[in-house]
Amino acid sequence: MDVVPTPASPVLSRRIAKSLNLQLASVTCKKFPDGEIYVRVESDEAEHVIVCSINKNDDLVTLLLMLDSLVGDCYVVIPYMGYARQDKAFLKGEAISIRAIAKLIESYTKEIYTVNIHSQEAASFFKNLKEIDAMPEIGKKFVDEDIIMISPDEGSIKRVKVAAKFANCDWDYLEKRRIDSTTVEITPKNLEVANRDIVIVDDIISTGGTIIQAAKMLRKLGARNINAACVHGVFAAYSVVSLFSSGISEIIATDTVESIFSKISVSELISKELANLIR
Ligand code: R5P
């Protein structure tokens, strides 16, 4: 077995290979002038683990080309499963994007691993998806710090609860309350945040809009130092400058999407799961 690295997850691929004591396959990736992608994988192994987050559309094409090029059994690790937020047709006629992605990838392999997929609805489109939870690792990063972990909405409560348990800290979530037809008040549900240090925890930071809205509210309520932590630091264009401008002091993400904010690695969590495959 070897680990096949991809342009979307080169550092994480290396870390997983090192941890499992496996070789990295030799990979050539190129882009033609018209934007088409070329892939070549040189490997004589009978089994492969491809590590490829799907953050950009090119990542998906690269993954498909790699799956096509490889002979033998492939296990696919998709640390960040993009397209998972479109897990239903919100409007008539919309594609259920994650269903299409699931069908496509599962036509090559039945064994897929991911980290904190956005929703259980999204996960339900896969026949055999193993989901790994990085929230304990986020919690450990802040262990015994005098902080409150805040979920920016009700959707992330479950995740924040796990992180807070591992950090051994209090947690709360922001609740939207409609005051009248034009006013919505967003406040922490239970805890006082004045003069407290806060870590806003979410699964994904993309545009940063969710965190920015939460940070502004918490600042108004007198919160002291506000940090943002997430599993998947997607950081769409201009999001980082907007996050810092909104008063966020530090941004902490894992390496499911590799960036300078990848201060927590999920490599050991993934390696632990993959270790069962090594005979
Ligand atoms: C929403 O359901 C997710 O949990 C995140 O809160 C959301 O995807 C973050 O996106 P953005 O950074 O664009 O607000």
Side-chain angles (χ1 to χ4, degrees), residues 11-12 15 79-80 115-116 118 131-177 184-235 239-270 272:
V11 178
L12 186 54
R15 286 180 177 147
Y80 170 57
V115 181
N116 294 90
H118 178 65
E131 191 187 353
I132 296 162
D133 186 10
M135 280 298 156
E137 299 309 302
I138 291 186
K140 286 179 205 164
K141 181 85 182 161
F142 297 94
V143 76
D144 290 334
E145 288 186 25
D146 185 15
I147 54 169
I148 302 177
M149 284 191 165
I150 298 261
S151 167
D153 51 37
E154 295 187 30
S156 269
I157 291 179
K158 256 193 189 164
R159 297 186 262 261
V160 174
K161 256 175 147 175
V162 176
K165 184 174 155 218
F166 280 81
N168 192 26
C169 71
D170 290 332
W171 68 273
D172 201 355
Y173 69 96
L174 295 183
E175 188 186 46
K176 271 190 194 159
R177 283 192 302 123
V184 174
E185 192 184 68
I186 305 172
T187 51
K189 172 82 175 142
N190 299 307
L191 299 178
E192 272 290 325
V193 294
N195 297 315
R196 296 293 307 271
D197 291 338
I198 305 291
V199 180
I200 308 170
V201 180
D202 209 348
D203 60 338
I204 304 168
I205 301 179
S206 182
T207 63
T210 305
I211 297 280
I212 289 166
Q213 194 189 26
K216 283 186 177 155
M217 201 47 64
L218 291 164
R219 178 77 66 215
K220 252 194 208 161
L221 294 168
R224 208 163 38 192
N225 195 43
I226 305 176
N227 292 337
C230 67
V231 179
H232 311 296
V234 170
F235 305 125
S239 58
V240 172
V241 71
S242 306
L243 283 158
F244 285 136
S245 302
S246 75
I248 296 288
S249 311
E250 204 189 335
I251 303 170
I252 295 115
T254 77
D255 52 1
T256 60
V257 180
E258 296 180 14
S259 76
I260 52 161
F261 301 108
S262 299
K263 297 167 188 168
I264 299 167
S265 182
V266 293
S267 63
E268 288 308 315
L269 293 177
I270 294 173
K272 218 168 121 193

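Computed from heavy atoms alone, side chains included, the values below leave out hydrogens, waters and symmetry copies. What you see is a predicted model; the values in this text were computed from it and never measured. Position 1 is the first residue of the sequence; numbering continues from there.
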Can you name the residues that form a side-chain contact (heavy atoms from CB on, under 4.5 Å) with Ser206, not counting sequence neighbours? Arg85, Ile204, Val234, Ala236

Measure the shortest side-chain to side-chain distance between Asp133 and Val162 over non-hydrogen atoms and say whether it is less than 4.5 angstrom. yes

Side-chain donor/acceptor pairs under 3.5 Å, residues 207-219, sequence neighbours excluded:
residue, atom, partner, partner atom, Å
Thr207, OG1, Gly209, N, 3.1
Arg219, NH1, Ala223, O, 3.4
Arg219, NH1, Arg224, O, 2.6
Arg219, NH2, Gly247, O, 2.8

Taking side-chain contact (heavy atoms from CB on, under 4.5 Å) as the test, write out the residues that go with Glu192, two or more places apart. Ala194

Checking Ser262 side chain against Thr254 main chain: does a donor-acceptor pair fall under 3.5 Å? yes

Polar side-chain atom of Thr256 near backbone of Val231 as donor-acceptor pair, under 3.5 Å: yes

Determine the minimum heavy-atom distance between Val241 and Ser245, stating which atoms define it. O-OG, 2.6 Å

Any side-chain heavy atom of Met135 sitting closer than 4.5 Å to one from Phe166? no

Only distances under 3.5 Å count here; give the side-chain donor-acceptor pairs of residues 138-146 to other protein atoms, sequence neighbours excluded, each with its distance to 0.1 Å.
residue, atom, partner, partner atom, Å
Lys140, NZ, Glu137, OE2, 3.0
Asp144, OD1, Asn168, ND2, 3.0
Asp146, OD1, Arg196, NH2, 3.3

Which is it for Asn227 and Ile147 under the side chain to side chain contact (heavy atoms under 4.5 Å, CB included) test, yes or no, and what are the steps along the way? CA-CA 10 Å; Asn227 292 337; Ile147 54 169; over 6 Å; no

Of the non-hydrogen atoms in Ile200 and Pro152, which two are nearest, and what is the gap between them? CG2-CD, 4.0 Å

Is a donor on one side and an acceptor on the other found under 3.5 Å between the side chain of Asn116 and the backbone of Ala134? yes

Working to the nearest 0.5 Å, report the span between CD of Glu268 and CZ of Arg15. 10.0 Å

By ring pair (Phe, Tyr, Trp, His ring centres under 6.0 Å), Phe261 pairs with (sequence neighbours left out) Phe235

Listed by chain and number, what are the side-chain hydrogen bond (donor to acceptor under 3.5 Å, both in side chains) partners of Lys220, not counting sequence neighbours? none

In Å and rounded to the nearest 0.5 Å, what is the CG to CD distance from Leu174 to Glu154? 10.0 Å

Check whether any side-chain N or O of Asn225 sits under 3.5 Å from a backbone N or O of Asp197 as a donor-acceptor pair, and report yes or no. no

Is the backbone of Ile251 close enough, under 3.5 Å, to the side chain of Lys263 for a donor and an acceptor to pair up by distance? yes

Is any side-chain heavy atom of Ile205 closer than 4.5 Å to a side-chain heavy atom of Ser239? no

Atom CG in Asp202, atom OG in Ser151: separation rounded to 0.5 Å? 6.5 Å

Backbone of His118 reached by a side-chain donor or acceptor of His232 within 3.5 Å: no

Rounded to the nearest 0.5 Å, what's the gap from CD1 on Ile150 to CH2 on Trp171? Could you check? 10.0 Å

Could you tell me the separation between the CD1 atom of Ile248 and the OG atom of Ser242, rounded to the nearest 0.5 Å? 11.5 Å

Going by heavy atoms in the side chains, are Ile132 and Val266 under 4.5 Å from each other? no

